There are 2 protein chains.
Amino acid sequence: MLIRTPADLGAVIRDRRKRLKLDQSSLAKQIGVSRQWVIEIEHGHPRAELALVLRALDALGIPVDAGGQQTTSRGPARSGVDINAIVTKAKKGKT
Amino acid sequence: MLIRTPADLGAVIRDRRKRLKLDQSSLAKQIGVSRQWVIEIEHGHPRAELALVLRALDALGIPVDAGGQQTTSRGPARSGVDINAIVTKAKKGKT
DNA sequence: ATCCAATGTCAGCGTTCGGTTACATTATCA
DNA sequence: TGATAATGTAACCGAACGCTGACATTGGAT
């Protein structure tokens, strides 16, 4: 599963939690956070703390892999990334 | 690269940024955050906001994959996760 | 050696986090 | 049907976020 938004992450976490037959309270204890936190994460809270998120994934046994290869043929940061354009524009746009 | 800590993430981001020949300011603009933020992330800031982190990875074209399959034979959340134990203990431990 | 870009550090500020506690709304089960 | 658990919501609070802006340090280039 590719994670690109907090919602994606929430889905993954919730899915795994249920698969493990854990309720939010139990999971919260495993992770070391409040039940509230679990609820919000599963709902896709965008401003959750990085470390807690990583701990949650770890607690659930969900490995997170980054940068296998950027075939990026779908959209946001796209493949080629016009470095020249970026740099140039960035420099110009100093104002 | 497996991401398990904020530091791992910082390393990945910095690496990719340099690979793309972007300076922190430019990247910050790409992501839509302050230069400060980029600096802190690259230093492994543990409490960064999830959404910003995902946006950074996205901007750098770094795909994030979670839960390919939990062959989990290495450590943190352990492989089999003793559901019974967890649930049972959790229920007991309500205080 | 000098100049400039890049990086890192500091402090102040408004906003929000995450924890806590309590309560409402389902579900599930006997 | 009633009871219990699971989930979701709300408000309060201290702590930290991320932003701004300025400044020190480093590094590469000429």
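Numbered from 1 within each chain, the chains take letters A, B, ... in sequence-line order. All of these numbers come straight from a predicted model, not from anything done at the bench.
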To the nearest angstrom, how far is [X] atom [atom1] from [N] atom [atom2]?
X	N	atom1	atom2	answer
L50(A)	dG18(C)	CG	C1'	15 Å
E40(A)	dT20(C)	CD	P	14 Å
K21(A)	dT7(D)	NZ	P	12 Å
I31(B)	dG18(D)	CD1	P	12 Å
K18(B)	dG28(D)	NZ	C1'	13 Å
I39(B)	dG8(C)	CD1	P	6 Å
L22(B)	dA6(C)	CG	P	11 Å
W37(B)	dT20(D)	CH2	P	14 Å

- Could you work out which one of dT7(D), dG8(C), dG19(C) sits closest to the side chain of D23(A)? dT7(D)

Is there side-chain contact between [X] and [Y], with heavy atoms separated by less than 4.5 Å?
X	Y	result
R17(A)	R14(A)	yes
L60(A)	L27(A)	yes
L9(A)	P6(A)	no
R4(B)	D58(A)	yes
L2(A)	D8(A)	no

Is the phosphate of [N] approached by [X] (side-chain N or O, under 4.0 Å from OP1 or OP2)?
X	N	value
R17(B)	dT7(C)	yes
H45(B)	dG18(D)	yes
R14(A)	dA6(D)	no
Q24(A)	dG8(D)	yes

- Query: So, does the side chain of Q36(A) form a donor-acceptor pair with the base of dT9(D) at under 3.5 Å?
  - Reply: yes

- Task: Look at the side chain of R35(B) and the base of dG18(D), then say whether one donor and one acceptor between them are separated by less than 3.5 Å.
- Result: no

